[in-house]
Peer 1: 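Structure incoming, see below.
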Amino acid sequence: MGPFDGRSIDAGALYEVIRDFGDCMLGWIDQDSGELRDPFETIYGEGYGPGIAAHIFAGLHDRFGDERYLSAAGMMMDRTIEKLENPTDNNPFTDIFLFFWALKAFDLLKGSSAVQDADRWRKSFERLDYSFDPPNTNGHSLFIGTDILCATLGLKRPDHERLGHLLDTVEGMQNELGFIDDTTRVVRAPVVYYPGDMRRLRLLPDNVRGRLGMQDKAKKDLKPAAYHLFSCGILAETLRWRKRFPVPELEETMERIRRIVSRGLEWTDRFVAADGSFSVTERSRDQFWVGGCFVFLNALRIGDGAAVQAKRHLDWWKRFIKEDGSCSTTPNYFSNGLRIGFENYSTMTMYVTQGFSFLLDAAEVVLENQQLEGLPGIPSDNEGSFIDEEAGYCHIRSGKSSAGVSLRRHRGGFYGGYCPAMGLYNVVIGGSRLRPFPSPSYRVGGLGAVSYT
């Protein structure tokens with residue numbers, strides 16, 4: 001990975017990193033079927049992958065003009081539309097990911113004189129219906145983003161009633177401190193879940209059961225901090241589009257989005273570690289896609305502090321770039337071929353690809369000076385502790401040392417779940433955070449005995 005010299009991000013060096021990954025990803029495409037094959041895992045591999053790959057290849061072609069990337073972007077666009085037109089081919093929830101990222105790719109491709117299929121893709125987007133009831137808050141955010149991208153590209157008229165309902169839901173899931181809960185059910189008090197033969201624990205006090213995570217399956221405490229970042233990132237994408245393609249009738253909606261993102265960033269700023277990283281990524285084991293989203297959100301903000309914070313997090317991840325140009329899903333020095341069994345949610349074509357897509361967005365922001373006014377600046381002092389009891393997280397910092405803490409078990413029992421009670425994350429001592437080994441997640445018979453670092 002190239003250097004990021006000085007106080008700000010070197011967009012040219014970042015594009016080179018993304019190009020190395022694009023060259024690696026070219027080998028994952030089946031030239032006959034157009035399928036994007038995960039090099040290590042096969043289940044769920046195309047859930048998001050083709051749409052995100054289309055965006056990366058389109059961005060690389062836009063930057064470097066390489067015909068290989070144009071051809072690959074076209075194949076991925078065709079594959080994405082093929083999947084969207086076959087309702088039994090995908091989980092409905094992943095369709096909205098495919099739709100959103102394919103729209104981003106379409107925006108980059110439609111203006112190129114070398115693209116022959118832009119009109120065909122446009123007609124497909126105009127025809128396709130992507131309406132269903134999203135199961136969580138990040139799904140609502142993706143619907144908001146897709147509606148706005150369709151409107152700004154002139155593909156569909158905005159549905160103000162639906163946008164209003166979606167925004168009401170996201171706003172309702174954001175607490176007073178700015179944290180965005182990923183569940184669309186509000187859980188204000190501990191509820192009880194008795195897994196297997198552990199029914200004897202029904203004698204425990206309610207607050208103990210809640211902290212052990214023994215929730216009713218219908219009222220899970222789903223507060224993954226990674227999806228707080230993701231929801232902010234998707235909504236922030238729409239603010240970029242507001243600046244580039246203003247739609248007057250959407251101004252009230254865009255202002256509501258700006259307020260949600262701004263409050264979300266204020267919460268995130270309270271959880272920045274001493275080394276510049278986000279201190280509580282737990283849900284996905286400090287994964288690369290979460291890091292990419294964090295870099296993108298900081299790149300959007302005005303001021304040296306934002307650039308420095310984004311660069312420091314990039315410097316953390318660059319050490320885990322592999323020889324083939326890809327990156328481990330979680331920060332470790334093992335080759336990608338050895339990561340299976342150690343990294344939960346490790347599908348390369350979905351999560352690693354998503355991380356590079358966010359880095360591509362960050363590179364575009366830096367190169368084209370697309371920073372956004374109206375977002376909060378980076379605070380100059382992040383010393384001391386910050387506790388959000390409702391979300392269940394705490395951040396502790398003193399000088400060059402810091403740690404993120406989960407105050408309770410989020411979602412479900414002693415096995416699996418989003419994070420353990422009193423789990424520590426991103427422990428930084430004296431300004432250094434080292435994690436040379438992967439965090440194992442052993443899955444047996446549907447249960448996961450999870451080890452965290």
Peer 1: Mind checking whether Ile234 and Asn138 have side chains closer than 4.5 Å, heavy atoms only?
Peer 2: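 Contact flag for Ile234/Asn138 side chains = no.
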Peer 1: Is the backbone of Gly264 close enough, under 3.5 Å, to the side chain of His228 for a donor and an acceptor to pair up by distance?
Peer 2: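 Indeed, once roles are kept as given, a pair shorter than 3.5 Å links the two residues.
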Peer 1: Yes or no on side-chain contact (heavy atoms from CB on, under 4.5 Å) for Glu364 and Asp62, after CA distance, side-chain angles and deciding distance?
Peer 2: CA-CA 11 Å; Glu364 289 177 1; Asp62 186 60; 5.5 Å; no
Peer 1: May I ask you to decide if the ring planes of Phe358 and Phe230 are parallel, tilted or perpendicular, using 30° and 60° as cut-offs?
Peer 2: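 Phe358 and Phe230: perpendicular rings.
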Peer 1: For a side-chain contact (heavy atoms from CB on, under 4.5 Å) check, start with the C-alpha distance between Met350 and Ile52, then their side-chain angles and the critical distance, and finish with the verdict.
Peer 2: CA-CA 8 Å; Met350 291 170 61; Ile52 300 174; 5.8 Å; no
Peer 1: Could you tell me which residues satisfy ring pair (Phe, Tyr, Trp, His ring centres under 6.0 Å) with Phe64, sequence neighbours excluded, listed by chain and number?
Peer 2: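 Once residues adjacent in sequence are excluded, Phe64 has no partner under the ring pair (Phe, Tyr, Trp, His ring centres under 6.0 Å) criterion.
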Peer 1: Is there a donor-acceptor contact under 3.5 Å linking the side chains of Asp388 and Trp267?
Peer 2: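 Side-chain D/A pair, Asp388 to Trp267: present.
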Peer 1: How far apart are the closest heavy atoms of Leu36 and Ala53, and which atoms are they?
Peer 2: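 Smallest interatomic distance, heavy atoms only, reads CD2-CB, 3.9 Å.
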Peer 1: Ion pair present between Arg68 and Asp66, side-chain N to carboxylate O less than 4.0 angstrom?
Peer 2: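 Salt bridge between Arg68 and Asp66, a charged N being under 4.0 Å from a carboxylate O: yes.
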Peer 1: Who passes side-chain contact (heavy atoms from CB on, under 4.5 Å) against Glu373, sequence neighbours left out?
Peer 2: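 With sequence neighbours excluded, Glu373 shows a side-chain contact (heavy atoms from CB on, under 4.5 Å) to Ile302, given in chain and number order.
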Peer 1: Do Gln31 and Ile29 have side chains that approach each other closer than 4.5 Å (heavy atoms only, starting at C-beta)?
Peer 2: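 Gln31 reaches Ile29 side chain to side chain.
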Peer 1: Could you walk me through whether Ser328 and Lys322 pass the side-chain contact (heavy atoms from CB on, under 4.5 Å) check?
Peer 2: CA-CA 7 Å; Ser328 286; Lys322 307 306 179 187; 2.8 Å; yes
Peer 1: With distance as the sole criterion, is a donor-acceptor pair present between the side chains of Ser357 and Trp101 under 3.5 Å?
Peer 2: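 Indeed, the side chains of Ser357 and Trp101 share at least one donor-acceptor pair under 3.5 Å.
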Peer 1: Side chains of Asp181 and Asn175: donor-acceptor distance under 3.5 Å anywhere?
Peer 2: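 Judged by distance alone, the side chains do not pair up.
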Peer 1: Any idea how Phe294 and His313 line up, ring-wise: parallel (<30°), tilted (30 to 60°), or perpendicular (>60°)?
Peer 2: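 Judged by the thresholds at 30° and 60°, the geometry between Phe294 and His313 is perpendicular.
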Peer 1: Applying ring pair (Phe, Tyr, Trp, His ring centres under 6.0 Å), can you list everything that pairs with Phe125, at least two apart in sequence or on another chain?
Peer 2: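 Here the qualifying residues are Phe99, Phe106.
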Peer 1: Among all residues two or more places apart in sequence or in another chain, which pass the salt bridge (charged side-chain N to carboxylate O under 4.0 Å, His left out) test with Arg63?
Peer 2: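 With neighbours one apart ignored, the set is empty.
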Peer 1: Checking the side chain of Gln174 only, and the main-chain atoms of Ile180 only, is there a donor and an acceptor separated by less than 3.5 Å?
Peer 2: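 Pair absent, no side-chain N/O of Gln174 close to backbone of Ile180.
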Peer 1: Applying ring pair (Phe, Tyr, Trp, His ring centres under 6.0 Å), can you list everything that pairs with Tyr69, at least two apart in sequence or on another chain?
Peer 2: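 With neighbours one apart ignored, the set is empty.
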Peer 1: Is there a donor-acceptor contact under 3.5 Å from the side chain of Asn426 to the main chain of Phe278?
Peer 2: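 Looks like yes, one N/O pair under 3.5 Å.
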Peer 1: Looking at side-chain heavy atoms only, is the closest gap between Asp23 and Arg19 below 4.5 Å?
Peer 2: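 Side-chain contact under 4.5 Å: yes.
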Peer 1: Run the side chain to side chain donor-acceptor pair (under 3.5 Å) check on Ser279 and His395 step by step: do they pass?
Peer 2: CA-CA 7 Å; Ser279 71; His395 177 74; 3.0 Å; yes
Peer 1: What's the verdict on side-chain contact (heavy atoms from CB on, under 4.5 Å) for Thr349 and Trp28, showing C-alpha distance, side-chain angles and the deciding distance?
Peer 2: CA-CA 9 Å; Thr349 53; Trp28 301 352; 3.7 Å; yes
Peer 1: Are Leu167 and Thr253 packed together at the side-chain level, in the sense that at least one heavy-atom pair is separated by less than 4.5 angstrom?
Peer 2: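 Yes, their side chains come closer than 4.5 Å.
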Peer 1: Specify the closest pair of heavy atoms between Cys150 and Leu103, including all atoms of both residues, with the distance to one decimal.
Peer 2: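 For Cys150 versus Leu103, the nearest heavy atoms are SG-CD1, 3.8 Å.
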Peer 1: I'd like to check Leu14 versus Leu367 (side-chain heavy atoms, cut-off strictly below 4.5 Å). Are they in contact?
Peer 2: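 Side-chain contact under 4.5 Å: no.
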Peer 1: Tell me, please, which residues at least two apart from Ala236 pass side-chain contact (heavy atoms from CB on, under 4.5 Å).
Peer 2: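 Ala236: side-chain contact (heavy atoms from CB on, under 4.5 Å) contacts with Val261, Phe296, Leu297, Leu300.
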Peer 1: What's the spacing between Met173 CE and Ile260 CD1 if we round to 0.5 Å?
Peer 2: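 That separation rounds to 11.5 Å.
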Peer 1: May I ask you to decide if Thr94's main-chain N or O and Tyr48's side chain share a donor-acceptor pair within less than 3.5 Å?
Peer 2: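 No, Tyr48 side chain to Thr94 backbone: no donor-acceptor pair under 3.5 Å.
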Peer 1: Mark yes or no for whether Asp182, through its side chain, and Asn136, through its backbone, hold a donor-acceptor pair below 3.5 Å.
Peer 2: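 Pair absent, no side-chain N/O of Asp182 close to backbone of Asn136.
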Peer 1: Return yes if some donor-acceptor pair links the side-chain N/O of Ser71 with the main-chain N/O of Glu67 below 3.5 Å, else return no.
Peer 2: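 No, the answer is negative, given that no donor and acceptor are paired below the 3.5 Å cut-off.
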Peer 1: Which pairs, with at least one residue in residues 128-156 and sequence neighbours excluded, count as a salt bridge (charged side-chain N to carboxylate O under 4.0 Å, His left out)?
Peer 2: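 Every salt bridge (charged side-chain N to carboxylate O under 4.0 Å, His left out) pair that includes a residue of residues 128-156, provided the two are not neighbours, is Asp147-Arg162.
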Peer 1: Any salt bridge (charged side-chain N to carboxylate O under 4.0 Å, His left out) pairs touching residues 99-119, not counting sequence neighbours?
Peer 2: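 Those involving residues 99-119 are Lys104-Glu237, Lys104-Asp361, Asp107-Lys110, Asp107-Arg244, Asp117-Arg120.
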Peer 1: Is the shortest heavy-atom distance from the side chain of Cys394 to the side chain of Ile396 under 4.5 Å?
Peer 2: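 Of all side-chain heavy-atom pairs linking Ile396 with Cys394, at least one is under 4.5 Å.
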Peer 1: Any sub-3.5 Å donor-acceptor pair from Ser432's side-chain atoms to Ile429's backbone N or O?
Peer 2: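 No.
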Peer 1: Ile81: which residues meet the side-chain contact (heavy atoms from CB on, under 4.5 Å) condition with it, sequence neighbours left out?
Peer 2: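 Once residues adjacent in sequence are excluded, the partners of Ile81 under the side-chain contact (heavy atoms from CB on, under 4.5 Å) criterion are Glu85, Trp121, Ser124.
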Peer 1: Is Ser277 reaching over with its side chain to a backbone N or O of Ala273, donor-acceptor style, under 3.5 angstrom?
Peer 2: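 Checking the backbone N and O of Ala273 against the side chain of Ser277, no donor-acceptor pair under 3.5 Å is found.
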Peer 1: Taking Arg79 first and then Glu82, would you say they form a salt bridge - that is, a charged N and a carboxylate O separated by under 4.0 Å?
Peer 2: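 Looking at Glu82 together with Arg79, the answer is yes, because their closest N to O distance falls below 4.0 Å.
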Peer 1: Listed by chain and number, what are the side-chain contact (heavy atoms from CB on, under 4.5 Å) partners of Arg301, not counting sequence neighbours?
Peer 2: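 With sequence neighbours excluded, Arg301 shows a side-chain contact (heavy atoms from CB on, under 4.5 Å) to Leu265, Asp269, Asn298, Ala306, Leu375, Pro376, Ile378, given in chain and number order.
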Peer 1: Of all residues at least two apart in sequence or in a different chain, which pass the ring pair (Phe, Tyr, Trp, His ring centres under 6.0 Å) check with Phe57?
Peer 2: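 Counting only residues at least two positions away or on another chain, Phe57 forms no ring pair (Phe, Tyr, Trp, His ring centres under 6.0 Å).
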Peer 1: Can you tell me if Thr152 uses its side chain to pair, donor with acceptor, with the backbone of Trp241 under 3.5 Å?
Peer 2: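 It does not hold such a pair.
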Peer 1: Can you tell if the side chain of Val428 reaches within under 4.5 Å of the side chain of Lys400, non-hydrogen atoms only?
Peer 2: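 No; the side chains remain at least 4.5 Å from each other.
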Peer 1: Only one of Trp317, Phe21, Trp289 passes ring-ring contact (aromatic ring centres under 6.0 Å, His included) with Phe356; say which it is.
Peer 2: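 Running ring-ring contact (aromatic ring centres under 6.0 Å, His included) over Trp317, Phe21, Trp289 with Phe356 returns exactly one hit, Phe21.
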Peer 1: Give a yes or no on whether the ring-centroid distance for Phe320 and Phe288 is below 6.0 angstrom.
Peer 2: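 No, they do not, as the ring centres are separated by 6.0 Å or more.
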Peer 1: Are Val280 and Ser406 close enough that some pair of their side-chain heavy atoms sits under 4.5 Å apart?
Peer 2: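 Val280 does not reach Ser406 side chain to side chain.
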Peer 1: Among all residues two or more places apart in sequence or in another chain, which pass the salt bridge (charged side-chain N to carboxylate O under 4.0 Å, His left out) test with Arg312?
Peer 2: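 Arg312: no salt bridge (charged side-chain N to carboxylate O under 4.0 Å, His left out) contacts found.
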Peer 1: Is it the case that the side chain of Ser141 and the backbone of Thr137 share a donor-acceptor pair, with hydrogens and angles ignored and the cut-off at 3.5 Å?
Peer 2: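 Present.
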